[in-house]
2 protein chains.
Amino acid sequence: MDRPAAPTRRITIIDVARHAQVSTTAVSKVLRNAYGVSPTMQAKVRQAISELGYRPNAAARAMRGQTYTIGIMLPDIRNPFFADILDGLTARIAGTDYQVLLGPGCNGEEAEARVIHAMIDRGMDGMVLVAPISTRAYLEQVAGVVPTVVVGRHGRSQTYDTVADDDLTGAALVVNHLADLGHRRIAHIEHHETTADCLAEMPNAIRAEGYRQAMRARGLADEIDIASTRYNQEGGYLGTRQLLARPVRPTAIFAGADIAALGALDAIAEAGLRVPDDISVAGYDNTTFAAFRPISLTSVDQAGHEIGADAARLLLDRIADRNRPTAQIKLSPALVVRRTTAPPPA
Amino acid sequence: MDRPAAPTRRITIIDVARHAQVSTTAVSKVLRNAYGVSPTMQAKVRQAISELGYRPNAAARAMRGQTYTIGIMLPDIRNPFFADILDGLTARIAGTDYQVLLGPGCNGEEAEARVIHAMIDRGMDGMVLVAPISTRAYLEQVAGVVPTVVVGRHGRSQTYDTVADDDLTGAALVVNHLADLGHRRIAHIEHHETTADCLAEMPNAIRAEGYRQAMRARGLADEIDIASTRYNQEGGYLGTRQLLARPVRPTAIFAGADIAALGALDAIAEAGLRVPDDISVAGYDNTTFAAFRPISLTSVDQAGHEIGADAARLLLDRIADRNRPTAQIKLSPALVVRRTTAPPPA
DNA sequence: ATGAAAGCGCTAACAA
DNA sequence: TTGTTAGCGCTTTCAT
């Protein structure tokens, strides 16, 4: 009869050292590819490690400084654009000794702080914060504690590196495209966060500003019309309902995010209007769903994969040297024209 | 002039103890709401904690057994159904001292094992594995090390708890719905994993089997037609191209997942066919995108939120008592009929 | 090139 | 009720 297996103690570095007839120091050095181990020692230790199936205890390592873990905070797991960023990140990290863990999507500043703290408490070696809504001061403070890369926030910092897309240009691409098609009443759906503090740095604000600038540049200053909701499906839906209720309806809607554009399409369908015959719609992010044929949404491509890869690179560099000057990477967006935009109805 | 701030040492339990003029034990007890602390002590310690802004070091705690961290493994962050599960999970965990961290999406058995191991190494107090593809033996082994709940795999285990949907019934709901509409040539797109070992436990296999059984029950055994691809957009697209190329085209396609149904819609649109006039399409999971009006996909609702909440509950229970008998929760699916299914063309 | 030993921050067994 | 103290597994000086 089997006895209930004693809760098997995990193999430690001591077991490995004993099995390989060497010191724990030697094992530790091999684990870290540290300087000063003979090939013979290497071989002995590696064999013992694989024979025993040893795996280093991350907590114990953390107590001495390193966890080999990188924490990623994504604000909204449902927005497929963030999945693209994540792919780029993980692809770039894959070759290293680091492991990626994600903080769960969080809404609101408080929840965001909780997730960030949780990651710091758990000794992350570095963090990537995607489109955080915290104040700049808070981000600086966080970055002072652990190497941090902030994705999708404009404005340079002395403490953290940034990767962002040129949202000003991106918004202009859309407006110009629609204006070129002959539209004049081009409305915009923005994501509006109440915290004024960091507003100027947020991509949503920059896109709205880019929209305004481009409208003015095209002599359409009088047609500027913004519905302030949120970058999610419901936000797009509600914003569009607002816009469709205007005395003079817009002939084109530029939603600041694809996911909001989906909501816009929803509201438009509900109103019995056709896209693009009655009204044109453009999004932002060029997510998988924009490319999806039955939707086929005109959108702005942000190269999420590249953003993620760049963020990973910057983070690894900063972990390697915490005193290097901070870098700001700004990527250029590209317009992808599909079937939801066309000339306005005659 | 500011001097570069000395890399501020983190506040430890010792600092708190000193500041509150008590022992570290006292602080530790307060932190854990442990038995045997006077209200006075409580107050003193709590005040010191907040005055100093102390936060426990998770790594140090981990070395003594607990990290207050729960690891979730999601196979595919792009499938919005998994976001529903995650929501249910986090909602249930929110009130507790535990923090949720996610392993990044992983494809393939090896990547899955890497993520699972990474979580074990980092001392997760518990894990939720969503639709894992590892062998059953491996899952049992993992669950032997750390409390584990497996979501979306059928078959009971002595070691881990499970939450799953009744996929056999779910598939039958779809087939019966289509057959009731008058369809006979009802095809299925399945997710086919090569690892035969755990195949029988996987929801995709069960759905395919449910499809077969229901088809036979309806006297449509001769019409059984399965395209084996994968549960993602491309899989649905390719599978549908196969099915549309049949000498006699199916009049309805039952995709085993909404995300695959999207790919199916794509292929159908490309072929110049209309849904549901020329061909009906049904999915599975009732994701946000199925409900999305311009798509309006008939689908099977799995109540992802509830699945997640149940998984969280089981996990917390198991963490509290590792020896309690394992539980198997099976939830009943419901059909949500929308606009992609209709009687076959005359 | 190799090893002995201190100590990271916390918990828990034990002593007072 | 409160405090003292021995580790948890690892990295890192510092000898050898």
For a side-chain contact (heavy atoms from CB on, under 4.5 Å) with Val130(A), tell me which candidate from Ile85(A), Val163(A), Leu86(A) qualifies.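 Option passing the side-chain contact (heavy atoms from CB on, under 4.5 Å) with Val130(A): Ile85(A).
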
Side chain to side chain donor-acceptor pair (under 3.5 Å) partners of [X], counting only residues at least two apart:
{"X": "Gln141(B)", "answer": "none"}
{"X": "Glu51(A)", "answer": "His19(A), Gln47(A)"}
{"X": "Ser38(B)", "answer": "none"}
{"X": "Arg18(B)", "answer": "Asp15(B)"}

Using a 3.5 Å cut-off and no angle test, enumerate the donor-acceptor pairs between side-chain atoms of residues 52-62 of chain A and protein atoms at least two apart in sequence or in another chain.
from: Arg55(A); atom 1: NE; to: Asp121(B); atom 2: OD1; distance (Å): 3.1
from: Arg55(A); atom 1: NE; to: Asp121(B); atom 2: OD2; distance (Å): 2.9
from: Arg55(A); atom 1: NH2; to: Asp121(B); atom 2: OD2; distance (Å): 2.4
from: Asn57(A); atom 1: OD1; to: Ala59(A); atom 2: N; distance (Å): 2.7
from: Asn57(A); atom 1: OD1; to: Ala60(A); atom 2: N; distance (Å): 3.1

Work out how much the helix from dA1(C)-dT16(D) to dA16(C)-dT1(D) bends between its end axes, five pairs an end, to the nearest 10 degrees.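 Inter-axis angle at the ends, rounded: 40°.
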
Output every pair passing side chain to side chain donor-acceptor pair (under 3.5 Å) with a member in residues 87-97 of chain B, not counting sequence neighbours, ordered by first then second residue.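 Applying side chain to side chain donor-acceptor pair (under 3.5 Å) to every pair that reaches into residues 87-97 of chain B, excluding sequence neighbours, yields Arg78(A)-Asp87(B).
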
Could you name each residue pair satisfying side chain to side chain donor-acceptor pair (under 3.5 Å) that touches residues 21-30 of chain A, not counting sequence neighbours?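 Output for this query lists Ser28(A)-Arg32(A).
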
Residues in salt bridge (Lys or Arg N to Asp or Glu O under 4.0 Å) with Glu306(A), at least two apart?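 Testing Glu306(A) for salt bridge (Lys or Arg N to Asp or Glu O under 4.0 Å), a comparison that skips the adjacent residues, returns none.
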
What residues, two or more places apart in sequence or in another chain, satisfy salt bridge (Lys or Arg N to Asp or Glu O under 4.0 Å) together with Arg324(A)?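 Residues passing salt bridge (Lys or Arg N to Asp or Glu O under 4.0 Å) with Arg324(A): Asp317(A).
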
Going 5' to 3' along DNA chain C, which are the first and last nucleotides with any atom under 4.0 Å from a heavy atom of chain A?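 Contacts span dA1(C) to dG9(C), reading 5' to 3'.
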
Atom pairs, N/O to N/O, protein against nucleotides 7-11 of chain D, distance under 3.5 Å?
from: dG7(D); atom 1: N2; to: Arg64(B); atom 2: NE; distance (Å): 2.7
from: dG9(D); atom 1: N2; to: Ala60(A); atom 2: O; distance (Å): 3.4
from: dC10(D); atom 1: OP1; to: Tyr54(A); atom 2: OH; distance (Å): 2.5
from: dC10(D); atom 1: OP1; to: Asn57(A); atom 2: N; distance (Å): 3.1
from: dC10(D); atom 1: OP2; to: Ile13(A); atom 2: N; distance (Å): 2.4
from: dT11(D); atom 1: OP1; to: Arg61(A); atom 2: NE; distance (Å): 2.9
from: dT11(D); atom 1: OP1; to: Arg61(A); atom 2: NH2; distance (Å): 3.4
from: dT11(D); atom 1: OP2; to: Ser28(A); atom 2: OG; distance (Å): 2.9
from: dT11(D); atom 1: O2; to: Arg64(A); atom 2: NE; distance (Å): 3.1
from: dT11(D); atom 1: O2; to: Arg64(A); atom 2: NH2; distance (Å): 2.6

